[in-house]
Amino acid sequence: MTESKPAQTRTLPKAKRAFQNAIIAWFSEHAEDYPWRRTHDPYAVLVSELMLQQTQVATVLGRRYFERWLEQFPNVNTLADASEDEVLKAWEGLGYYRRARNLQKAARVVVEQFDGRFPEKLADILALPGVGRYTAGAVVSFAFDQSVAIVDANVARVLARLFDYEGAVDLPAGQQQVWAWAEELVPGDGVRVYNSGLMELGQKICTVRQPNCRECPVFAFCATRVPEQLPVKKPRTSTVFVDEHVVFSRDEDGGILLEQETGKRREGLWKLPEASDPPTGKIVLKMQYSITHYRVTLIVHEVCDAKSRSGRRFSAAALEAIAMSSPYRKALVALLANDDFALN
DNA sequence: TAGTCGTGGTC
DNA sequence: TGACCAAGACT
């Protein structure tokens with residue numbers, strides 16, 4: 001990794017065409033066969049991009065979220081007409097549930113403002129709820145092959161290394177810089193393949209740890225000698241440890257008490273009810289989960305007489321059909337498994 | 001603008 | 001095991 005590099009930052013524009021061709025040629029050989037690459041339907045592309053925001057490809061592939069979503073909501077009309085409960089249930093386990101609500105809002109905008117025909121103009125797509133600069137560019141380039149640049153975490157990493165950029169790529173100045181480079185490099189033709197290739201290069205070759213420079217198709221264009229030290233990012237807010245006390249309550253018919261989250265973010269998702277302060281009742285489960293920078297210890301108290309509490313009771317079978325974030329889903333699975341064991 | 005929003009994988 | 005990270009957007 002210490003040999004001299006023939007191309008430096010200043011010479012890259014001249015070699016732009018060669019850079020683009022190298023990306024396109026590499027991707028033609030190494031492209032993964034993802035389900036969202038088998039379609040150019042802009043709605044399907046939007047679905048995949050929302051699912052993939054801050055979410056790894058393997059997560060979306062693993063439980064077939066994309067395929068199941070399109071089976072249940074094959075077009076903007078079916079999604080626009082669905083209930084929020086159905087939408088949240090289909091999204092269960094993916095996290096960032098606001099994305100699911102935004103996706104449905106976007107479908108309703110397309111139905112109401114565009115007569116159900118998906119817009120093709122970047123500005124129209126950018127105006128959809130939950131769609132930012134990256135997602136809008138991804139939709140128009142993947143669905144319509146329009147020459148528009150995109151920058152996600154993969155592309156930002158590739159560009160930071162390519163130009164040996166030492167500023168923080170997740171601060172406004174750094175974002176502005178990598179977007180400017182991305183726009184300078186984007187080809188006039190073949191953008192669908194080029195954008196996919198640039199992202200997949202970051203995912204497969206120009207990885208966060210131990211980038212595989214020996215197999216990189218654009219190594220000759222890369223300015224950095226210390227790729228593993230780039231990109232620089234702003235420091236994270238430090239982890240805060242908190243305890244969360246909740247209630248596990250079953251009535252004589254086996255109905256389990258749950259309440260629905262309020263507030264703007266996780267609104268509509270069901271959860272175990274919050275315990276009184278100070279909490280009472282025997283502790284029947286402790287588990288840990290993370291949410292943003294919080295490290296939460298979930299402490300479940302069994303409460304026998306909770307008849308006066310608000311909320312709704314569900315049978316064990318009915319629990320399957322409602323939307324719940326992963327920590328509470330896992331807690332309930334563990335609680336009911338213990339219960340079955342005790343009965344045997 | 002810094003904080004928020006989920007989850008699972010990696011080392 | 002804890003810290004980091006991911007096909008970001010919003011407030």
Side-chain angles (χ1 to χ4, degrees), chain A residues 31-32 34-37 44-63 65-66 88 91-103 105-106 125-139 141-143 149-158 168-175 178-179 182 192 195-204 206-210 228 231-241 261 263-269 271 287-298 323-330:
Chain A
E32 290 285 341
Y34 297 136
W36 46 87
R37 286 184 176 156
V45 173
L46 182 67
V47 170
S48 74
E49 291 304 333
L50 266 290
M51 286 186 171
L52 288 161
Q53 284 175 5
Q54 290 288 284
T55 305
Q56 295 186 338
V57 169
T59 302
V60 178
L61 289 177
R63 288 198 250 171
Y65 283 105
F66 177 74
L88 289 174
W91 202 268
E92 183 181 279
L94 263 181
Y96 288 137
Y97 296 93
R98 185 173 53 181
R99 295 181 297 175
R101 277 191 290 274
N102 280 336
L103 186 50
K105 285 181 192 168
I125 297 171
L126 189 56
L128 295 173
V131 176
R133 192 175 178 184
Y134 162 77
T135 302
V139 170
S141 62
F142 296 151
I150 55 175
V151 176
D152 72 328
N154 290 306
V155 175
R157 184 169 58 253
V158 170
V169 296
D170 52 355
L171 287 175
Q175 281 286 297
V178 291
W179 273 98
R192 178 182 288 141
N195 276 350
S196 303
L198 199 53
M199 291 171 66
E200 192 144 317
L201 183 75
Q203 187 185 107
K204 296 286 178 54
C206 197
T207 54
V208 177
R209 303 182 185 86
Q210 296 188 319
E228 58 282 339
V232 174
K233 293 197 174 180
K234 65 182 175 187
R236 295 210 156 194
T237 49
S238 52
T239 305
V240 176
F241 293 83
E261 307 237 18
K264 290 283 180 186
R265 283 153 186 151
R266 281 185 281 183
E267 185 177 7
L269 292 167
K271 59 169 289 193
M287 54 174 275
Q288 290 200 318
Y289 69 91
S290 295
I291 173 76
T292 67
H293 68 287
Y294 294 99
R295 183 73 176 158
V296 182
T297 301
L298 183 69
M324 202 177 297
S325 62
S326 287
Y328 302 114
R329 178 68 71 188
K330 287 175 183 171

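So that the names make sense, note that chain A is the first sequence line, chain B the second, and so on, each numbered from 1.
- At a threshold of 4.0 angstrom between heavy atoms, the contacts of A:Arg329 with the nucleic acid are absent.
- Atom pair A:Arg99:CZ and C:dC10:P shows a separation of 13 Å (rounding to whole Å applied).
- Rounded to an integer number of Å, the gap from CE of A:Met51 to P of B:dG6 is 15 Å.
- Side-chain atoms of A:Thr55 come within 3.5 Å of backbone atoms of A:Gln53 as a donor-acceptor pair (strictly under, hydrogens ignored).
- Side-chain contact, A:Asn102 with A:Arg99: no donor N or O sits under 3.5 Å from an acceptor N or O.
- Looking at residues 127-137 of chain A, you'll see A:Pro129, A:Gly130, A:Val131, A:Gly132, A:Arg133, A:Tyr134, A:Thr135 sit with a heavy atom under 4.0 Å from some atom of DNA chain C.
- Closest non-hydrogen pair, A:Val178 versus A:Ala156, comes out as CG1-O, 4.4 Å.
- If you measure from atom CD of A:Gln288 to atom C1' of B:dT7, you get 15 Å, rounded to the nearest angstrom.
- Note: A:Leu88 CG to A:Met324 CE = 12.0 Å, rounded to the nearest 0.5 Å.
- Considering only side-chain atoms of A:Asp152, the nucleotide from B:dT4, C:dA7, C:dC4 that sits closest is C:dA7.
- OP1 and OP2 of C:dC5 both lie 4.0 Å or more from every side-chain N or O belonging to A:Gln54.
- Annotation: B:dG3 and C:dC4 have their P atoms spaced 15 Å apart (nearest Å).
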N/O to N/O distances under 3.5 Å, protein versus nucleotides 9-11 of chain B:
none

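- Between B:dT4 and C:dA7, the two P atoms lie 24 Å apart (nearest whole Å).
- Per the geometry, CZ belonging to A:Arg295 stands 9 Å off P belonging to C:dT1, to the nearest Å.
- Within the 4.0 Å cut-off from OP1 or OP2 of B:dG8, at least one side-chain nitrogen or oxygen of A:Lys330 is found.
- Both A:Leu171 and A:Met324 sit near DNA chain B, but only A:Leu171 has its closest nucleotide nearer the 5' end.
- Residue A:Thr239 places at least one side-chain N or O under 4.0 Å from the OP1 or OP2 atom of C:dA3.
- Using a 4.0 Å heavy-atom distance criterion, A:Ala138 is classed as making no nucleic acid contact.
- When the side-chain nitrogen and oxygen atoms of A:Arg98 are compared with OP1 and OP2 of B:dT4, none of them lie within a distance under 4.0 Å.
- No more than 12 heavy atoms of other residues, nucleotides or ligands shown are found within 6.0 angstrom of CD on A:Gln210.
- Across all strands, A:Gly93 comes closer than 4.0 Å only to sugar-phosphate atoms, never to a base (heavy-atom distances).
- Nucleic acid contact for A:Phe241: none, since no nucleic acid atom lies under 4.0 Å from a heavy atom of the residue.
- In terms of phosphate contacts, A:His293 brings no side-chain nitrogen or oxygen within less than 4.0 Å of OP1 or OP2 of B:dG3.
- Between A:Leu198 and A:Asn154 there is no side-chain heavy-atom pair separated by less than 4.5 Å.
- Backbone-only engagement by A:Thr237 is indicated by non-hydrogen atom pairs under 4.0 Å involving sugar-phosphate atoms exclusively.
- At least one side-chain nitrogen or oxygen of A:Tyr97 sits closer than 4.0 Å to the OP1 or OP2 atom of B:dT7.
- Taken from CH2 in A:Trp179 to OH in A:Tyr134, the straight-line distance is 9.0 Å, to the nearest 0.5 Å.
- The phosphate of B:dT4 has OP1 or OP2 within less than 4.0 Å of a side-chain N or O from A:Tyr294.
- Computed from coordinates, the A:Asn154 CG to C:dA6 P distance equals 7 Å when rounded to whole Å.
- Residues A:Tyr34 and A:Leu61 are in side-chain contact: their nearest non-hydrogen atoms beyond the backbone lie under 4.5 Å apart.
- Atom P of nucleotide C:dA7 and atom CD1 of A:Ile150 are separated by 11 Å, given to the nearest angstrom.
- The line from CZ of A:Arg295 to OG1 of A:Thr239 is 9.0 Å long, rounded to the nearest 0.5 Å.
- Rounded to whole Å, the distance from CE on A:Met287 to C1' on B:dG6 is 13 Å.
- Side-chain atoms of A:Thr292 lie closest to B:dC5 of the nucleotides B:dT1, C:dA7, B:dC5.
- A salt bridge links A:Lys204 with A:Glu32; the closest basic N to acidic carboxylate O contact falls under 4.0 Å.
- Atom-to-atom, CZ of A:Arg236 to P of B:dG3 comes out at 13 Å; the value is rounded to the nearest Å.
- On a pure distance criterion of 3.5 Å, no polar donor-acceptor pair joins the side chain of A:Ser326 and the base of B:dG8.
- A heavy-atom distance below 4.5 Å is not found between the side chains of A:Ser141 and A:Arg192.
- Toward the 5′ end of DNA chain C lies the nearest nucleotide of A:Arg37, the other residue of the pair A:Arg37 and A:Leu126 mapping further downstream.
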